[in-house]
Amino acid sequence: KAGVTQTPRYLIKTRGQQVTLSCSPISGHRSVSWYQQTPGQGLQFLFEYFSETQRNKGNFPGRFSGRQFSNSRSEMNVSTLELGDSALYLCASSSVLGGHEQYFGPGTRLTVT
Amino acid sequence: AQKVTQAQTEISVVEKEDVTLDCVYETRDTTYYLFWYKQPPSGELVFLIRRNSFDEQNEISGRYSWNFQKSTSSFNFTITASQVVDSAVYFCALSGELYNDYKLSFGAGTTVTVRA
């Protein structure tokens, strides 16, 4: 079974721009979560989607948004990029909602200049 | 609120030494799940183990073993006879059921360096 895939793997953007990251979960998995990893804040939860509905959201500003499609693929969008948004963005999928192991993708490394 | 504390920031050992990573958690949930993940230099988080709060049995998988003690809110991880390939950042994480909030709360991670 193919693992979680994320595209693109690397991205360089300028302050003020917006960016869209994509995540394809493991086949059959319906839950997709997004996490931000930075040296200063560590791994922080962004949001979780299940069956195209956002089930949970972390403490991030409204510039961070996401969605999930009927095939369970998910995208996250960050608008009006700030330098502090530079991070590794990790997507994880799980077969069901709630307490089960989440399998992570390789991440998208976003650099904002 | 959920909190995971990994007191050790970095551990350096020589190959074949045993290494134990500490993890202490806080939660108000009565049902919760504990995890360990490994993050090699490539960046991808690799799932190692999941434990639910009702299962306090210790587990061994090859050179890896886990000690879950509810009385001390700890879920420690031991690598026996470490190898260079074990060099990575290891994260302990917690997920609870309160308010259907299953997000993973991660500890800060412990960087393990195994020297040949």
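Throughout, protein chains are lettered first and strands after them, A, B, ... in sequence-line order, and every chain is numbered starting at 1. Atom set for the values below is all heavy atoms of this structure, side chains included, hydrogens, waters and symmetry mates excluded.
By the rule that hydrophobic residues join a cluster once side-chain heavy atoms approach within less than 4.5 Å of another member, F91(B) and L34(B) end up as members of separate clusters. Side-chain heavy atoms closer than 4.5 Å link hydrophobic residues (I, L, V, M, F, W, Y) into clusters, and following such links, possibly through other members, connects Y33(B) to L45(B). When the side chains of ILVMFWY residues are joined at heavy-atom separations under 4.5 Å, either directly or via intervening members, L110(A) and L83(A) end up in a single hydrophobic cluster. Both Y49(A) and L21(A) belong to a common hydrophobic cluster when Ile, Leu, Val, Met, Phe, Trp and Tyr are linked at side-chain heavy-atom distances under 4.5 angstrom.
Heavy-atom distances place both the backbone and the side chain of Q102(A) under 4.5 Å from chain B. Of the two parts of Y32(B), neither the backbone nor the side chain holds a non-hydrogen atom closer than 4.5 Å to a non-hydrogen atom of chain A. For a residue to count as touching a neighbouring chain, one of its non-hydrogen atoms must lie under 4.5 Å from one of that chain's; by this rule Y35(A) touches chain B with the side chain only.
For R9(A), the CZ atom sits in a packed shell: over 12 heavy atoms of surrounding residues, nucleotides or ligands are nearer than 6.0 Å.
Between E101(A) atom CD and L104(B) atom CG the span is 10.5 Å, to the nearest 0.5 Å.
Of the listed residues G105(A), S33(A), G42(A), the one with more heavy-atom pairs under 4.5 angstrom with chain B than any other is G105(A).
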With side chain to side chain contact (heavy atoms under 4.5 Å, CB included) as the test, would you mind laying out the steps for Y37(B) and L43(A) before giving the verdict?
CA-CA 12 Å; Y37(B) 283 87; L43(A) 278 154; over 6 Å; no

